[in-house]
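Beneath this line is the structure, given in structure tokens, with notes to follow.
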Amino acid sequence: MTTNFDSSSFIAKYPDTLIVLLGPTGVGKTNISFKLAEKFTSPIISSDSRQFYKELKIGTAAPGDEELSLFKHYFVASHSVFDVYNAGQYEQDVLKLLGGLFLKHPVALLVGGSMMYIDAVCNGMDDIPSVNDEIRNRCQQLYADNGLDYIQNELKKLDPEHYSQVDLQNPKRVLHALEICMQTGKPYSSFRKGERKPRNFNVLKIGLNRPRPELYERINHRVDLMMEAGLLQEASQFYPYKHLNTLNTVGYKELFDYMDGKCSLDEAVQMIKQDSRRYAKRQMTWFNRDKDIFWFHPDDVGGVVRFIDNVLQKK
RNA sequence: GGGCAGUUACCAAAGUGGCCAACUGGGGCUGACUGUAACUCAGCUGUCUUUCGACUUCGGAGGUUCGAAUCCUUCACUGCCCA
């Protein structure tokens, strides 16, 4: 892990700054976020794609009522697992929110680990329509009935350009491209500009990470705590809705397997730990590509604060 | 003490004379990912090497053979059964 105190590569162009606090699950973002919120008297915007859901409290390690009352949070328990939501909508919602926040606060905090959602806010996403239920179901059905080969071929017909670029082995990606083609009547690739969208505020990314063994130990321990806090009960309430995408979530899907009799409770708990570790790894793979992140150890709160102070003073 | 079965890479487990550095699964590692993303997908996983390839492996030792994880002898350990 590199801890970089050199802020010279950060160039502030705007009066307002969005501090993005990111890192793998379980690394210790929440704690520091409170310190920063206090220090900069800034509200906290969550960029955790599962803490959005008010029903998923324990399994997503969402901030508790006490913390929520102490610090103004956005996008925590803001939606229901029955809602349909995605990164594109999130981008729009956050930008709108920031427009208002920056009128009162020069600094806002975005805290979380959902990679694509963070990128959506920082870099923007192309203007691609959300898929409606009818098209979604139709495509799902095509895939279920005819298999991967078939939807690959359909995509090839409707969007040869994207066909040559997508990971053809990845049904979700192929399916989504196909959905857009079918819904809009235009090739998916025609929407994909891949351009970074301009923002009228500075983005300062602070990454938190720990040595792998340390992180994994924390993740394992946290899962035990979640179980003690009643995760099984929380999950069991949503067992009838386990097919919902919002419930295809680490900490819940494994317990659904237990409820289905596919494994023992102990095995399910082990799986939650394993899946959490893997998620953390995937997060790091994504974050490692982003060279704009300044990395710190979560214990180094002082270092983070000094670094941010230093950067903000330069403005 | 006697009988039978077994010992394969991190784990499980195929392979029973050449196509075997060794199927497959798990785990692990690495990576991809612009909209269902805590999703989904891919590659690697004996050592050295960018590749070609080279080298060392299938409990230990010895042997048979042009050639052994595979056959023989023996030793060790494990499991089951009979005493």
Side-chain angles (χ1 to χ4, degrees), chain A residues 22-27 29 46-53 56 58-62 79 81-94 112-133 135-137 139-140 143 148 151-152 162 165-180 183-184 188-197 212-213 216 219 222-223 226 235 243-255 263 267 270-290:
Chain A
L22 54 82
T25 187
V27 79
K29 296 184 288 294
S46 172
S47 56
D48 184 309
S49 73
R50 297 294 132 140
Q51 285 183 6
F52 297 161
Y53 304 110
L56 312 181
I58 299 171
T60 63
H79 295 71
V81 292
F82 302 107
D83 292 340
V84 173
Y85 200 58
N86 62 45
Q89 290 168 261
Y90 177 75
E91 177 194 354
Q92 300 310 315
D93 292 345
V94 171
S114 297
M115 308 85 88
M116 192 165 66
Y117 286 70
I118 294 169
D119 282 358
V121 172
C122 298
N123 306 328
M125 299 185 79
D126 288 324
D127 200 12
I128 299 171
S130 293
V131 179
N132 65 47
D133 286 352
I135 294 285
R136 173 140 295 163
N137 294 336
C139 288
Q140 297 278 16
Y143 175 47
L148 186 57
I151 57 168
Q152 284 173 347
H162 196 250
Q165 292 167 8
V166 254
D167 175 359
L168 289 169
Q169 293 310 116
N170 192 330
K172 294 241 174 175
R173 303 285 130 82
V174 175
L175 219 35
H176 182 248
L178 188 60
E179 286 169 346
I180 296 298
Q183 179 167 312
T184 64
Y188 178 55
S189 53
S190 69
F191 295 97
R192 285 167 54 94
K193 308 271 190 283
E195 285 169 3
R196 186 183 254 245
K197 295 221 175 134
R212 189 80 59 97
Y216 283 7
I219 288 173
R222 193 173 70 164
V223 172
M226 285 174 177
H243 60 280
L244 290 174
N245 174 64
T246 47
L247 291 164
N248 185 189
T249 298
V250 175
Y252 298 86
K253 58 181 175 179
E254 299 86 353
L255 290 174
C263 63
E267 284 166 339
Q270 292 310 312
M271 284 311 295
I272 295 175
K273 292 177 181 176
Q274 185 178 106
D275 288 342
S276 298
R277 282 182 246 126
R278 287 173 166 171
Y279 174 47
K281 174 62 184 69
R282 270 178 275 127
Q283 287 175 298
M284 285 312 300
T285 297
W286 185 296
F287 294 143
N288 282 152
R289 266 197 312 189
D290 189 339

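Bear in mind that the values here come from a model prediction, so they are computed numbers and not experimental data. Labels below follow one simple rule: chain letters A, B, ... track the order of the sequence lines, proteins then strands, and each chain is numbered from 1.
Of all heavy-atom pairs between Val121(A) and Tyr90(A), the closest is CG2-CE2, 3.5 Å. Heavy atoms only, all atoms of each residue included: Asp275(A) and Lys253(A) are closest at OD2-CE, 4.1 Å. Smallest separation of non-hydrogen atoms from Ser276(A) and Thr25(A): O-CG2, 3.7 Å.
Within 4.0 Å (heavy atoms only), Asp48(A) reaches at least one base atom of the nucleic acid. The residue Gly124(A) sits apart from the nucleic acid: no heavy atom pair falls under 4.0 Å. Counting non-hydrogen atoms under 4.0 angstrom, Glu91(A) reaches nothing in the nucleic acid. Within 4.0 Å (heavy atoms only), Tyr117(A) reaches sugar-phosphate atoms of the nucleic acid but no base atom. Thr60(A) comes within contact range of at least one nucleobase, with a heavy-atom separation under 4.0 Å. At a threshold of 4.0 angstrom between heavy atoms, the contacts of Ser130(A) include nucleobase atoms, whether or not backbone atoms are also involved. Note on Glu195(A): a base of the nucleic acid sits closer than 4.0 angstrom, heavy atoms only. Residue Arg136(A) is in base contact, counting any heavy-atom pair closer than 4.0 Å across all strands shown. Contact annotation for Gly59(A): base contact, defined as any heavy-atom pair under 4.0 Å involving a base atom. The residue Tyr90(A) sits apart from the nucleic acid: no heavy atom pair falls under 4.0 Å. Here Arg277(A) lies in heavy-atom contact (under 4.0 Å) with sugar-phosphate atoms only.
A sub-4.0 Å separation between OP1 or OP2 of rG31(B) and a side-chain N or O of Thr285(A) is present. In terms of phosphate contacts, Arg278(A) brings a side-chain nitrogen or oxygen within less than 4.0 Å of OP1 or OP2 of rG28(B). Close to rU40(B), at under 4.0 Å from its OP1 or OP2, lies no side-chain N or O of Gln169(A). Taking side-chain N and O atoms only, Asn123(A) has no distance below 4.0 Å to OP1 or OP2 of rU34(B). Side-chain nitrogen and oxygen atoms of Arg212(A) include at least one within less than 4.0 Å of the OP1 or OP2 phosphate oxygen of rC29(B). Residue His176(A) places none of its side-chain N or O atoms closer than 4.0 Å to OP1 or OP2 of rU34(B). Regarding contacts with the backbone of rG28(B), every side-chain N or O of Lys281(A) stays at 4.0 angstrom or more from both OP1 and OP2.
Between Asp290(A) atom CG and rA32(B) atom P the separation is 12 Å, expressed in whole Å. Following rounding to the nearest Å, Asn248(A) (CG) and rC41(B) (P) show an atom-to-atom distance of 10 Å. In this structure, Leu175(A) atom CG and rA37(B) atom P are separated by 14 Å, rounded to whole Å. The CZ atom of Arg282(A) sits 13 Å away from the P atom of rU30(B) (whole-angstrom rounding). Rounded to whole angstrom, the span from the CE atom of Met116(A) across to the C1' atom of rC39(B) amounts to 9 Å. Between Leu244(A) atom CG and rC39(B) atom P there is a gap of 16 Å when expressed in whole angstrom units. In this structure, OH of Tyr216(A) is placed 9 Å from C1' of rG28(B), rounded to the nearest angstrom. Rounded to an integer number of Å, the gap from CE of Met284(A) to C1' of rC29(B) is 15 Å.
The closest donor-acceptor contact from the side chain of Ser47(A) to the backbone of Gly112(A) lies under 3.5 Å. The main-chain N or O of Gly59(A) is found under 3.5 Å from a side-chain atom of Tyr252(A) such that the two form a donor-acceptor pair. The main-chain N or O of Ser114(A) is never found under 3.5 Å from a side-chain atom of Gln283(A) such that the two would form a donor-acceptor pair.
With distances taken from any side-chain atom of Gln274(A) to the nucleotides rU36(B), rC39(B), rG28(B), the minimum falls on rG28(B). Ranking rA37(B), rA32(B), rU34(B) by closeness to the Arg50(A) side chain, first place goes to rA37(B). The side chain of Lys172(A) sits closest to rU40(B) out of rA37(B), rU40(B), rG28(B). Of all nucleotides listed (rC41(B), rG28(B), rA37(B)), rA37(B) comes nearest to the side chain of Asn86(A).
Of the nucleotides present, none pairs with rA37(B) by Watson-Crick or G-U wobble criteria with both distances under 3.5 Å. A 3.5 Å limit on both hydrogen-bonding distances identifies rA76(B) as the Watson-Crick or G-U partner of rU7(B). Across every strand in view, rA21(B) sits unpaired, with no contact that passes the Watson-Crick or G-U test at under 3.5 angstrom. Both distances falling under 3.5 Å, in either a Watson-Crick or a G-U wobble arrangement, occur for no nucleotide opposite rU65(B). The pairing partner recorded for rC44(B) is rG28(B), the criterion being a Watson-Crick or G-U wobble arrangement whose two distances lie under 3.5 angstrom.
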field: Stepwise side chain to side chain donor-acceptor pair (under 3.5 Å) test for Asp48(A) and Thr60(A)
entry: CA-CA 9 Å; Asp48(A) 184 309; Thr60(A) 63; 5.9 Å; no
- prompt: Does the ring pair (Phe, Tyr, Trp, His ring centres under 6.0 Å) test come out yes or no for Tyr85(A) and Tyr117(A), once each step is laid out?
  reply: CA-CA 11 Å; Tyr85(A) 200 58; Tyr117(A) 286 70; 7.2 Å; no
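Using C1' as the reference atom, rG53(B) and rC66(B) are 23 Å apart when rounded to the nearest Å. Going from the C1' atom of rU51(B) to that of rG62(B) covers 40 Å, rounded to whole Å.
If you check distances only, the side chain of Gln140(A) does reach the base of rU36(B) with a donor-acceptor pair under 3.5 Å. For Arg173(A) and rC39(B), a side-chain-to-base donor-acceptor distance below 3.5 Å is present, hydrogens and geometry of angles not being considered.
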